[in-house]
Amino acid sequence: MSQWLSEVIATAQTHQDWLAPHRQAALAELEKVRWPLRKVEDWRFTPLIPVEKRSVSLATPENTAFSAPKIGELSAIELVFSGNELLTDVSALSLPEGLEIVRFSTATAEQQQVIESLLSGVKPAKHLFGQVNDALLADGLYIKVAAGKTIDTPIRISQLASNEGDQHLRVLMQVEAGARATVLEDGYGDASSVNTAFSEYVLHSEAHLEHYRFAMFTQQAMHVGGCHFKVAEKAQLNSTLIGYGSQLSRLDVDVIYTGEFANANINAIYLLAEGELFDLHTTIEHAVPNCTTEENARGIVGDRAKAVFNGRIHIHRDAQKTLAELNNRNLLLSRRAVINTKPELEIYADDVKCAHGATVAEIDDTALYYLLTRGISRSQALIMLNFGFIQELISQIPNEDIAGWLLTQLHDRFVGMEVK
Amino acid sequence: MSEQIEQALSKQYEAGFYSEIESDTFENGLDESIIRRISAMKNEPEWMLEWRLKAYHSWLEMEEPDWAHVDYPKVDYQAISYYSSPKSMKDKPKSLDEVDPELLDVYNKLGIPLHEQEMLAGVAVDAVFDSVSVVTTFREKLHEAGVIFCPISEAIQKYPELVKKYIGSVVPRTDNYFAALNSAVFTDGSFVYIPKGVRCPMELSTYFRINEQNTGQFERTLIVADEGSHVSYLEGCTAPQRDENQLHAAVVELVALDKANIKYSTVQNWYPGDENGKGGIYNFVTKRGICHNDAKISWTQVETGSAVTWKYPSCVLKGDNSVGEFYSVALTRGRQQADTGTKMIHLGKNTRSTIISKGISAGKSNNAYRGLVQMGPKSDGARNFTQCDSLLIGDQCGAHTFPYIESRNPSAIVEHEATTSKVSDEQLFLAQQRGLDAEKAVSMIVNGFCKEVFKELPMEFAVEAGKLLEISLEGSVG
Amino acid sequence: MLSIDNLHASVEDKTIIKGLNLEVKPGEVHAIMGPNGAGKSTLGYVLSGREGYEVNEGTATLNGKDLLDLDVEERAREGLFLAFQYPVEIPGVSNMEFLKESVNALREHRGEEPLTAAEFLKKAKAACKQVNLPLDFLKRGVNEGFSGGEKKRNEIMQMILLEPSLCILDESDSGLDVDALQVVADGVNSQRDGQRSFIVVTHYQRLLDYIKPDFVHILADGKIVKSGDASLALEVEKSGYAFLGKAYEEADA
């Protein structure tokens, strides 16, 4: 057991509130963890050394100068979380009809019951840091979109690592039958900290969720988080995941189909420079027949950075007529950079169409030559081509403000990375 | 439909007979004294014994790997006999005429006549029966070309310098749990040396047969292809049908020096156990080759047998411009479990590797491809292409793909693709409507699916492999 | 304008161009015809500087500048334009972004101010219209999902935008129906201004009905084995390359 984890357990035991019973279950799991985790497949390529020797100190919301960036002209319902507290006064928000937002810390007894019934109902128990989040969370958000309602205004939940110290954010969301919503979870900061953020989504039948998760923590701000989805009959999930690297940045995404004829499209982009690390694990559980998954993950890794991608598709015994495709493409810009990718298929049903592909490549010579014959300089052509394959995914984002902002952010980050 | 195919797949194992041959078999169990006795039986020099003992002590410290997608009860390593030899082999027969006719009969029954005049022309065979090599054919002819092809026990005595230099150089003693065990207790296997610039005049082949009960087979094969030489080698394996599981933990090492070319083909048909998963061979094998500059190693395997397979024939592409290939067909049925694939370790510049893996799962079996493609920091211009296809027959089986890709070089290119498909009712109906029966149709579809791999096998064996699949798929389809 | 003297070039150690001479003066249109494998496409690649195409002997100058000494993009900036037979698809890079980058790189080289987005858009729209390409095409990835005809028209559209001094059209007619061919030819003809020169590489005479050449050269086995006026192309049309058998054999000897 690492110093950090034993301190997590000790700290958790001092929390006494209505979530305490829930916390106990997580603590029991954490007691069993055999640290170090180098031999555990889930952590094989991502060393936890930066966490291992840390002391646990919970962050407090002092630094008010630090705020989440403005995303183009995006007007969203903004929920800002920093230093283990929600800075937004939820009660003061004027919410559209059909949208309910509740803080764990101010939940009524009735609401507490709902939250308890949902908490950790989607997030698989296997996520070690998810258990840490269960054990240490001080506050969280419960969001509900009522059946049949369409919430046009995006809901934005930002986590800011503005101060040193750890923080743990939890989000629970229910999108009821036939409802539609857009959620953006983003995180920023570079202060020395461990930031966990786990969100659980229940998409009821015919629900539609546009989801974004931007893990944009950098440098000393470590981030270990997850987005977990239960997707019911005929529901649609579109998710865009962006990963920057920090000393340690890890995102686990789980999609579990609970009803037939549901679809998920997942696009992930990671752009890593210097000594950054980003690790994306996605697991798609096709537990029922007739669902469709399309997943594209693309990354550029420069300098001494390291990218880890593990994309698992699991087709259960009865999940006939599944269509699942996963594609992972990587560009390596430097001799000291590393990519570890593992697209996995585990299939127990025969009448399915599944494919995955992974490539690590340099630029297509023919495309480069084509650009050169049009007088474009080699360095500019390399940027266009490298970034082109990222841009392709951004162009699929339906929200123009988010797409435009992201394009600029990623382009600037990319140009800042040394090309060749 | 799946019922029809199920029946088609329940075909009996044809090599499952046991031969009453008197043998000297060690009592069950493993300790230092057993290793000393094995070494003594083989008249080994001291250095070999020491090497074995070191391996044994490392093994004691190691843990059995559990990461593969297979599930089997723990092996009791004290319940196995580590040495078994037919009695008639005690006074080494000098020629084929002196070999116990009953032994020769076993091979005849398996369709591998050992009399040179009856054999496929151009194929030399080393026949390994339990722990000893029974006979090696065509030695004279090979000798003329300067090729050494003999049991490894003999090579340790006759060519100690060659063996000492290369044994453990590709698969170190402590490489993994099963390799360490093999290094401690290996009994026989083949040794091949092809001198500089020589193109081996015939196919070399080793046929492994487990006969005795409660014995493990731990063969060790070492092939050294000197600069600019060429060799094609094939191994085949069968075992009797028994209710108990038997362990086969082999090590194969290939060394391809500059510009050498080694083609290694396997047709593995160990007893797979019955339809309920009772009995069958545990096939835990470490195979690896090293390629020096401009060398090439090509692994081709057709795996239809064994209850559990754990096997990853690999290439270390150390030399610049070296080439590694892996072509595999793995068919599992009944309760068989296979976790097989390859590792391509690109170290040198402009190294190339190709992986074509075809997994066919039927019955209640599980079939996994597990592979690693690694591009080292100095592998400028290296390329890999991987294609993994799975075919599922019926809805009770599993097909899995676990490809690990690691790149540390910006100019290296790795491409991995995987697909799955099934034998569909439509395909079956079409074939039946055109007058084919279901089993023929399935076999045709499977053969088509495996075509890319079969064409890599030496011709005689491609036919054999096709037949083997057909037999595996054959049955009483109405 | 373009002057090629005793050019020898090879690909992967195989010599393809074996002593080619060609003089193209301002405003001239030269057609290069020849059987498959004669080295027609290779010529365009060698002149544009494609990697892997080695010049073993000879010289090529454009407006007095030694072409062979320049990088691919520098040759383009000096006014050399190659319209590809099979333009590559570049998903993710939009036509708009690509063309703007290209036009401004050339302008910068000529010492001109870069075009503003609005100015560029106006020009690009006009060029699209000229070759019958829909405007939404500017937003799409370079050649991505284009039909064969659209790709060819895109090449001509780029030529119009980039205003080169020498255009090499590599089989710009292949795979086109008569209507598409007319569009391509009109695009090319609109750019004939007495100064701009063209090398039209084609397998068939058909294209030359639409783009009238001043000279026709027959390329066989890496050399020009026969030159003439437009009537030479008609001869080829009538009797194929076989009638050149004798000349071809002489050249080959």
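When reading the values below, keep in mind they use all heavy atoms of this one structure, side chains included, and skip hydrogens, waters and symmetry mates. The structure displayed is predicted, hence computed values, not measured ones. Numbers restart at 1 for each chain; the letters A, B, ... are given by sequence-line order, proteins then strands.
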> Given a strict heavy-atom distance threshold of 4.5 Å, which part of C:P87 is in contact with chain A: side chain, backbone, both, or neither?
Replying inline: both

> Using non-hydrogen atoms only, which part of C:V142 is less than 4.5 Å away from chain A: side chain, backbone, both, or neither?
Replying inline: side chain

> Is chain A contacted by the side chain of C:N143, its backbone, both, or neither, given a heavy-atom distance below 4.5 Å?
Replying inline: side chain

> Out of curiosity, C:E101 CD to A:M384 CE, how far, rounded to the nearest 0.5 Å?
Replying inline: 5.5 Å

> Which value, rounded to the nearest 0.5 Å, describes the distance between C:E144 atom CD and A:E392 atom CD?
Replying inline: 5.5 Å

> Does any heavy atom of chain C fall under 4.5 Å from the side chain of A:L385, the backbone, both, or neither of them?
Replying inline: both

>> Is A:D364 in contact with chain C via its backbone, its side chain, both, or neither, using a 4.5 Å heavy-atom distance?
In response: side chain

>> For A:E400, is the CD atom crowded, meaning more than 12 foreign heavy atoms sit under 6.0 Å from it?
In response: no

> Relative to chain C, which segment of A:S395 carries a heavy atom at a distance below 4.5 Å: side chain, backbone, both, or neither?
Replying inline: neither

> Near C:K151 NZ, under 6.0 Å, is it more than 12 heavy atoms from other residues, nucleotides or ligands?
Replying inline: yes

> Would you say C:E51 and A:Y369 make side-chain contact, with heavy atoms under 4.5 Å?
Replying inline: no

> About how many Å separate OG of A:S377 and NE2 of C:H109, when rounded to the nearest 0.5 Å?
Replying inline: 13.0 Å

> Which answer fits C:Y86, side chain, backbone, both or neither, if we ask what part of it has an atom under 4.5 Å from a heavy atom of chain A?
Replying inline: neither

> Any idea which heavy atoms bring A:G375 and C:A76 closest together, and the distance?
Replying inline: N-CB, 3.3 Å

> How many angstroms lie between CZ in C:R77 and CZ in A:R374, if you round to the nearest 0.5 Å?
Replying inline: 14.0 Å

> What part of C:R50 lies closer than 4.5 angstrom to a heavy atom of chain A: side chain, backbone, both or neither?
Replying inline: both

> Taking atom CZ of A:R378 as the centre, does the number of heavy atoms from other residues, nucleotides or ligands within less than 6.0 Å exceed 12?
Replying inline: no

>> For the interface with chain C, which of A:I390, A:D365, A:I376 has the highest count of heavy-atom pairs at distances below 4.5 Å?
In response: A:I376

> Checking heavy atoms, do the side chain of A:L368, its backbone, both or neither come under 4.5 Å from chain C?
Replying inline: neither

> Which region of C:L162, side chain (C-beta onward) or backbone (N, CA, C, O), has a non-hydrogen atom less than 4.5 Å from a non-hydrogen atom of chain A, or is it both or neither?
Replying inline: side chain

> Between A:L393, A:L372, A:T366, which has the largest tally of heavy atom pairs under 4.5 Å with chain C?
Replying inline: A:L372

> Take atom CD in C:E108; do more than 12 heavy atoms of anything else shown fall under 6.0 Å from it?
Replying inline: no

> What residue in C:V88, C:D71, C:L82 has the most heavy-atom pairs under 4.5 Å with chain A?
Replying inline: C:V88

> Under 30°, 30 to 60°, or over 60°: which ring-plane class applies to A:Y370 and C:F84, parallel, tilted or perpendicular?
Replying inline: tilted

